[in-house]
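Since the structure comes first, as structure tokens, the remarks are kept for the end.
Counting begins at 1 with the first residue of the sequence. Both ligands and their constituent atoms are indexed starting at 1 by order of listing.
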Amino acid sequence: MTTSSFHPPVRTLMGPGPSDVNPRVLAAMSRPTIGHLDPVFVDMMDEMKALLQYAFQTKNELTLPVSAPGSAGMEMCFVNLVQPGDTVIVCINGVFGMRMKENVERCGATAVVVEDTWGHPVDPQKLEDALKAHPEANTVAFVHAETSTGACSDAKTLTEIAHRHDCLVIVDSVTGLGGVELRVDDWGIDAIYSGSQKCLSCTPGLSPVSFNDAAVARIKAREHKVQSWFLDLTLVMGYWGSGTKRAYHHTAPINALYALHESLVILQEEGLENSWARHRAHHEALRAGLESLGLELIVPRDHRLPQLNAVRVPDGIDEAAVRKMLLDDFSLEIGAGLGPLAGKVWRIGLMGYGANRRNVLLCLSALESAMA
Ligand code: PLP
């Protein structure tokens with residue numbers, strides 16, 4: 001078989017992620033590879049930490065990008081903070097809450113599930129009731145920005161409730177970071193993970209995480225060794241911790257980290273609050289255009305994520321055929337529904353670099369033509 005270089009087509013990525021990558025990020029990625037213990041690289045890592053602290057709005061020392069995708073950030077939170085025998089309240093209102101439950105159980109802990117309808121946020125009252133019924137729980141886990149439905153949960157209120165019941169919180173903001181208000185320190189979030197490929201518009205494969213002092217104290221007090229060597233924070237800290245000599249832990253994905261650094265510089269240049277406002281503005285334009293095409297969003301207005309728009313597929317429309325036509329005729333990717341929403345919704349992302357007027361107009365005109 002004769003093979004040659006791979007040249008992907010140029011697409012517009014308006015699905016649930018990855019999102020369109022800013023050309024500046026792709027350019028950063030192609031810069032010369034240097035050693036992961038090179039002093040110049042180590043300086044870049046220090047900057048990266050400060051940039052991530054800004055993006056998360058935290059002063060947490062333990063803030064770093066995990067060298068693996070969002071699922072690894074998720075797993076890092078659970079394997080370090082949850083021990084066999086623990087009880088964890090897991091709020092499920094979509095696919096990613098289900099994955100949290102799976103993680104809890106694989107840690108040898110008991111998951112108590114608080115369920116909400118897909119497309120709705122986590123109900124704080126249900127969390128309160130579950131915590132009253134399970135005083136033995138020591139952790140609450142929930143998804144801030146549910147990518148499978150486009151629902152945004154009130155992370156501040158959920159964290160307050162968990163803390164009143166002496167629980168730490170683990171928050172998934174893979175789709176939230178950079179696209180919607182998120183204030184890790186002000187809201188008191190103990191452990192959080194995100195992803196590089198959504199509103200940061202970086203290439204996929206890195207997972208920013210942050211842990212506060214309470215989370216670090218719990219990790220230090222563990223009775224059982226963390227079952228994962230790669231994700232054991234006590235070991236990772238030797239490489240990412242500041243003030244100490246950096247020890248080899250794994251070979252960092254050097255060029256991918258240049259890319260993340262660049263995407264965070266871009267976020268800082270724009271300003272976090274401006275980025276949130278831009279996502280909101282383009283979401284409103286998309287929503288208005290969708291409504292004029294007779295389409296509706298499934299999430300109630302006050303709980304919509306601007307960066308992930310789940311649109312009900314009208315009766316009589318072949319949703320897969322529409323997506324195929326968008327891809328073939330417009331080189332435009334939008335997402336399908338997952339789980340109970342499979343076949344019922346399209347998921348339209350307006351994330352990071354892709355949250356712009358051109359994409360909104362392209363998507364609306366492509367949908368109009370595909371449904372004609
Ligand atoms: N959590 C949420 C809310 C997500 O949307 C995703 C990915 O889409 C993940 C976790 C997993 O991230 P990754 O696919 O980068 O492993």
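Closest protein heavy atom to atom 14 (O) of ligand 1: Gln197 NE2, 3.9 Å. Scanning the protein heavy atoms around atom 7 (C) of ligand 1, the nearest turns out to be Lys198 NZ, 3.5 Å. From the protein, the heavy atom lying nearest to atom 3 (C) of ligand 1 is Thr147 OG1, 3.1 Å. Protein heavy atom in closest approach to atom 1 (N) of ligand 1: Asp172 OD2, 2.6 Å. Taking atom 9 (C) of ligand 1 as the reference point, the nearest protein heavy-atom neighbour is Phe96 CE2, 3.4 Å. Scanning the protein for heavy atoms near atom 16 (O) of ligand 1, the closest one is Ser71 OG, 2.5 Å.
Remark: Arg164 does not engage Glu160 in a salt bridge, criterion side-chain N to carboxylate O under 4.0 Å.
With hydrogens and angles ignored, the 3.5 Å screen pairs no side-chain donor or acceptor of Asp116 with any backbone N or O of Asn93.
For ligand 1, the atoms sitting less than 4.0 Å from at least one non-hydrogen atom of Thr175 are 5 (O), numbered in the order shown with element in parentheses. Residue Pro69 approaches ligand 1 through these ligand atoms, each under 4.0 Å from one of its heavy atoms: 13 (P), 15 (O), 16 (O).
Ligand 1 is approached by Ala145 to a heavy-atom distance shorter than 4.0 Å.
Other cluster members for Ile317: Met14, Leu286, Leu290, Leu293, Leu295, Leu297, Val311, Val313, Val322, Leu326, Phe330, Leu332, Ile334, Trp346, Ile348, Leu350, Val360, Leu362, Leu364, Leu367, Met371, joined by side-chain heavy-atom distances under 4.5 Å among Ile, Leu, Val, Met, Phe, Trp and Tyr.
Between Trp229 and His250, the distance separating the two ring centers is not shorter than 6.0 angstrom.
Looking at Ile170 and Phe142, their side chains never come closer than 4.5 Å, going by heavy atoms from C-beta outward.
When all heavy atoms are compared, the tightest approach of His279 to Gly179 is CB-O, 3.5 Å.
The option from Ala68, Ser207, Gly70 that lies nearest to atom 12 (O) of ligand 1, judged by heavy atoms, is Gly70.
In summary, the side chains of Ser19 and Ser201 do present a donor paired with an acceptor at a separation below 3.5 Å, with no hydrogens or angles considered.
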